[in-house]
Amino acid sequence: MSSPLRFDRAHTDDLMSFLAASPSPYHAVANAAARLEEAGFRQVEETAAWDATAGGKYVLRGGAIVAWYVPEGAEAHTSFRIAGAHTDSPNLRVKPLPDTGAHGWRQIAVEVYGGTLLNTWLDRDLGLAGRISLRDGTHRLVNIDRALLRVPQLAVHLDRSANTEGLKLDRQKHMQPIWGLGDVEEGDLIRFVAEEAGVDAEDVTGWDLMPHAIEPPSYLGRDRELVAGPRMDNLLSVHAATAALAAVAGQDDADIPYIPVLAAFDHEENGSQSDTGADGPLLGSVLERSVFARGGTYEDRARAFAGTVCLSSDTGHAVHPNYAERHDPTHHPVANGGPILKVNVNMRYATDGSGRAVFAAACEKAGVPWQSFVSNNAMPCGTTIGPITAARHGIQTVDIGVAILSMHSARELCGADDPYLLANALVAFLAG
């Protein structure tokens, strides 16, 4: 029997604030942590001994966060319910020697991160964000959220074929943003960033910086039924999972049969192989330490993992009205149709029939509609953290998400109702 929705359009308003405040994975996890702190969670250090106390806890590592809530009376072998997501988005990243330029233009040297749509970064006003690492081993978040950079497109007069034969961009030559005029000065960018961060440039020994579009998220359409904004892939899922975990932690512990978990990883867009990626040890380490902190044995760990389920939430493709032939002819997810169940029999997604049943039960409990997604057989299928999570940890995993357009663009598009429908489904799943 369905229950009233916990979240409504106010959740989507909050999502837009979250997107605007999270121009990098480091900002995203800091903002998620702040929301969990408000819900009573506390940070635990990986280098400290963990205790068996009940309540909400979280671990931060770089651009990743793992948070969990231990109900009163949870046993060592109590299984987990995990909402998985990733914090990174395809974009441009600043190189180790960033100061470059030519012909009187000062430029910033960047690499292309992930499978970004290069043309969507052209002629946009860009800020700069990320983190800087200091000599004393600490880090400082940086967000220069104003028009600082721009990747200028070549005028059509100098490329008459751009509209007829297609725009052709060289990732090395054509994607370096400008940020001023004059001679190139070594160390100029980091001196500027250090000043913005309020630190001495000589104390900055490392950086992870990335341009971001400064145009804020906004409702779109005659009836404001759509949302346009940056980094929906996949901060939309991070935001929904954070809200869902906080909501479940606010329930009566007697109503929570599992240990609900948020696992938001970095580096999904380039394969997840890092210490903060889904193919790294972070999630397994946190789950195991949680079991052992409650006095568990390896047998308890095995029992807990055997009963664990993960909903891997990442954005998927809504049917594109101008390219419908690129989609499977019988599977056309639409905006505001509810979250999608992502299926691929070659295990590019981890969903099977048993996982479908888990997801369907959560949506039914929450009163949320849902849809199915499968790729056109003639098109390659993408993947996400789901199969990696299932294979690395031996836990049942189901791939889901929200259907969007313009995936991997600097600015993506989704239905305005879908974010809160996803969050409601995740509450029902995490609460068991």
*Let me see the working for Tyr298 and Val291 under side chain to side chain contact (heavy atoms under 4.5 Å, CB included), right down to the final yes or no.*
CA-CA 9 Å; Tyr298 182 82; Val291 170; over 6 Å; no
*side chain to side chain donor-acceptor pair (under 3.5 Å), paired with Thr384, selected from Asn234, Asp314, Thr397*: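 Testing each of Asn234, Asp314, Thr397 against Thr384, the sole residue satisfying side chain to side chain donor-acceptor pair (under 3.5 Å) is Asp314.
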_Intermediate values then yes/no, salt bridge (charged side-chain N to carboxylate O under 4.0 Å, His left out), Arg146 and Glu196_ = CA-CA 12 Å; Arg146 65 177 186 271; Glu196 290 287 317; 3.2 Å; yes
Once rounded to the nearest 0.5 Å, what's the spacing between atom [atom1] of [X] and atom [atom2] of [Y]?
X	Y	atom1	atom2	value
Leu19	Leu236	CG	CG	7.0 Å
Leu126	Ile144	CG	CD1	12.5 Å
Ser372	His332	OG	NE2	13.0 Å
Asn31	Tyr26	CG	OH	15.0 Å
Thr78	Ile259	OG1	CD1	5.0 Å
Ser312	Asp399	OG	CG	4.0 Å

*Below 6.0 angstrom between ring centroids: does that apply to His239 and His11?*
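Ring centres of His11 and His239 closer than 6.0 Å.
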*Trp370 and Phe359: aromatic ring centres closer than 6.0 Å?*
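Between Phe359 and Trp370, which both carry aromatic rings, the centre distance is below 6.0 Å.
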When you measure from the side chain of [X] to the backbone of [Y], do you find a donor-acceptor pair of N or O atoms at a distance under 3.5 Å?
X	Y	result
Glu268	Thr87	no
Arg303	His77	no
Arg131	Trp207	no
Asp223	Glu225	no
Thr12	Ala416	yes
Ser133	His139	no
Asp253	Glu72	yes
Asn424	Tyr420	yes
Ser313	Ser237	no
His393	Thr389	no

Check the surroundings of atom [atom1] in [X]: do more than 12 heavy atoms from other residues, nucleotides or ligands lie under 6.0 Å from it?
X	atom1	value
Asn322	CG	yes
Arg356	CZ	no
Glu46	CD	yes
Glu299	CD	no

I'd like to know if [X] pairs up with [Y] as an ion pair, taking the criterion as any Lys NZ or Arg NE/NH1/NH2 lying under 4.0 Å from an Asp or Glu carboxylate oxygen.
X	Y	value
Asp51	Lys57	yes
Arg140	Asp203	no
Glu37	Arg42	no

Using every non-hydrogen atom in the two residues, find where [X] and [Y] come nearest and quote the distance to one decimal.
X	Y	value
Leu122	Met175	CD2-SD, 4.3 Å
Ser79	Ala304	OG-O, 3.0 Å
Val427	Val248	O-CG2, 3.7 Å
Thr308	Phe80	OG1-N, 3.1 Å
Val368	Ala425	CG2-N, 4.2 Å
Pro387	Thr383	CG-OG1, 3.7 Å

*Quick one: is the NZ or CZ of Arg294 closer than 6.0 Å to the six-membered ring centre of Phe292, and within 45° of its axis?*
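No, Arg294 does not lie over the aromatic ring of Phe292.
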*For the pair Glu111 and Lys95, evaluate salt bridge (charged side-chain N to carboxylate O under 4.0 Å, His left out) and give the outcome as yes or no after the intermediate values.*
CA-CA 6 Å; Glu111 286 187 90; Lys95 289 183 176 179; over 6 Å; no
Taking atom types as modelled, find out whether [X] and [Y] have a side-chain donor-acceptor pair closer than 3.5 angstrom.
X	Y	result
Thr330	Asp328	yes
Gln176	Thr100	no
Thr297	Asp300	yes
Asp279	His267	no
His408	Glu269	yes
Ser89	Asn91	no

Quick one: does [X]'s side chain get under 4.5 Å of [Y]'s, heavy atoms only?
X	Y	result
Leu36	Ile65	yes
Val193	Arg191	no
Gln43	Glu45	yes
Pro23	Asp145	no
Pro90	Arg231	no

_side chain to side chain donor-acceptor pair (under 3.5 Å) between Ser354 and Gln396, worked out_ = CA-CA 9 Å; Ser354 176; Gln396 183 180 23; 2.9 Å; yes
*side chain to side chain contact (heavy atoms under 4.5 Å, CB included) between Lys365 and Phe429, worked out*: CA-CA 9 Å; Lys365 179 181 177 183; Phe429 167 73; over 6 Å; no
*Would Arg93 and Asp88 count as a salt bridge (charged side-chain N to carboxylate O under 4.0 Å, His left out) if you check the C-alpha gap in whole Å, the side-chain angles of each, and the deciding distance to 0.1 Å?*
CA-CA 12 Å; Arg93 302 285 177 105; Asp88 60 320; 5.4 Å; no
*Any idea how Phe373 and His317 line up, ring-wise: parallel (<30°), tilted (30 to 60°), or perpendicular (>60°)?*
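Rings of Phe373 and His317: tilted, as their planes differ by 30° to 60°.
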_Whether Phe41 and Tyr69 hold their rings parallel, tilted or perpendicular, with breakpoints at 30° and 60°_ =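 Answer is tilted, since the angle falls between 30° and 60°.
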*Assess whether side chain to side chain contact (heavy atoms under 4.5 Å, CB included) is satisfied between Val94 and Leu189, documenting all intermediate values.*
CA-CA 10 Å; Val94 175; Leu189 177 68; 4.0 Å; yes
*Where do Leu430 and Val261 land on the side chain to side chain contact (heavy atoms under 4.5 Å, CB included) test, with the steps shown first?*
CA-CA 8 Å; Leu430 291 176; Val261 179; 5.9 Å; no
